[in-house]
Participant: 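Got a structure here, written out as structure tokens. Questions coming.
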Amino acid sequence: MKFFVDTADLEEIREAESMGILDGVTTNPSLMRKAGNVNFHEHIYRICELVDGDVSAEVTAVDYAGIMEQARQLAPIHKNVVVKVPLIPDGVKALKTCSEEGIRTNCTLCFSSTQALIAAKAGANYISPFIGRLDDISSNGMELIEQIVRIYRQYGFATEVLAASIRHPMHVVEAALIGADVATMPLGVIEKLLHHPLTDIGLERFLADWRAYEAASVTP
Ligand code: G3P
């Protein structure tokens, strides 16, 4: 399973990258807003230079011509750029054109398996089902991941399932068990994946015993 960090914050990306387990980055307009007053294209370039992996940069146009214009501007910024396109009718048309032009895409704001099927047929490289936002409205986000993985495998679609809107480690565990290709998550969730209280307690005991052993050792 690939791990992407879901942020546009350079410090957070550097921190995730320093762990040695980062495979890519996803951004969106809300995350760009949080990053502050930065030039969008320059910022995406800087992110791409930090990570050896795919970096999603989202279009903000909602009409076919506008989406394509932005996609053609974003894609040449860096070889790592994947253009994020919303799952709306004009977005689907743009996915198809992007695929024909060799522009890689991440189809975002997916909330149903029928949407995911259409995105795959249009040639999206990634599909981003938003687990947490479905859970927020008393739907089952993980069921959607399960359906999409099953449908894509059944028909041999190459589109990678990118589990998004991940809120906690159990989302990652369940998405991994189902076989999602990628999980994108905030840095805080990546950090939580690593921590276990028994590891901390165990290490504390080992170190205390080692100190006692050293204190009791006869030096030659
Ligand atoms: O990758 C999509 C993600 O940023 C959405 O997450 O927590 O805003 O639902 P969230």
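Since the model is a prediction, treat every value here as computed from it, not as a measurement. All values below were derived from every heavy atom in this structure, side-chain atoms included, with hydrogens, water molecules and symmetry-related copies excluded. For this chain, numbers begin at 1 and follow the sequence in order. One-based numbering, in listed order, for ligands and for the atoms of each.
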Participant: Among all the protein's non-hydrogen atoms, which is closest to atom 6 (O) of ligand 1, and how far away is it?
Facilitator: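 Answer for atom 6 (O) of ligand 1: Ser165 CA, 3.4 Å.
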Participant: Does a side-chain N-to-carboxylate-O contact under 4.0 Å join Lys2 and Asp54?
Facilitator: no
Participant: For Ala164, counting its heavy atoms only, list the atoms of ligand 1 lying under 4.0 Å from any of them.
Facilitator: 1 (O), 2 (C)
Participant: Which ligand 1 atoms are under 4.0 Å away from a heavy-atom of Phe130?
Facilitator: 2 (C), 5 (C)
Participant: So which protein heavy atom does atom 7 (O) of ligand 1 come closest to, and at what separation?
Facilitator: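 I find the closest protein heavy atom is Arg167 NE, 3.1 Å.
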Participant: Go through the steps for Arg211 and Glu214 under the test salt bridge (Lys or Arg N to Asp or Glu O under 4.0 Å), then give the verdict.
Facilitator: CA-CA 5 Å; Arg211 282 192 296 273; Glu214 280 191 318; over 6 Å; no
Participant: If you apply the rule side-chain contact (heavy atoms from CB on, under 4.5 Å), what do you find for Leu74 with His41, and how did you get there?
Facilitator: CA-CA 7 Å; Leu74 287 169; His41 286 198; 3.7 Å; yes
Participant: Taking distance alone, with no angle check, do Thr184 and ligand 1 share an N/O pair under 3.5 Å?
Facilitator: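 N/O-N/O distance under 3.5 Å: no.
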Participant: If we count only N and O atoms by modelled type, under 3.5 Å, do the side chains of Thr97 and Tyr64 hold a donor and an acceptor together?
Facilitator: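 Note: Thr97 and Tyr64 side chains meet the donor-acceptor criterion.
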Participant: At less than 4.0 angstrom from any non-hydrogen atom of Arg133, what atoms of ligand 1 do you find?
Facilitator: 5 (C), 8 (O), 9 (O), 10 (P)
Participant: Indicate whether any N or O donor in one side chain lies under 3.5 Å from an N or O acceptor in the other, for Glu49 and His78.
Facilitator: yes
Participant: Is any N or O atom of Asn28, backbone or side chain, closer than 3.5 Å to an N or O atom of ligand 1?
Facilitator: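 Yes.
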Participant: List for me each residue that meets ring pair (Phe, Tyr, Trp, His ring centres under 6.0 Å) alongside Tyr155, sequence neighbours excluded, and say none if there are none.
Facilitator: none
Participant: Nearest heavy atom to atom 3 (C) of ligand 1 wins, so pick from Asp6, Thr108, Val189.
Facilitator: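 The residue whose heavy atom sits nearest atom 3 (C) of ligand 1 is Asp6.
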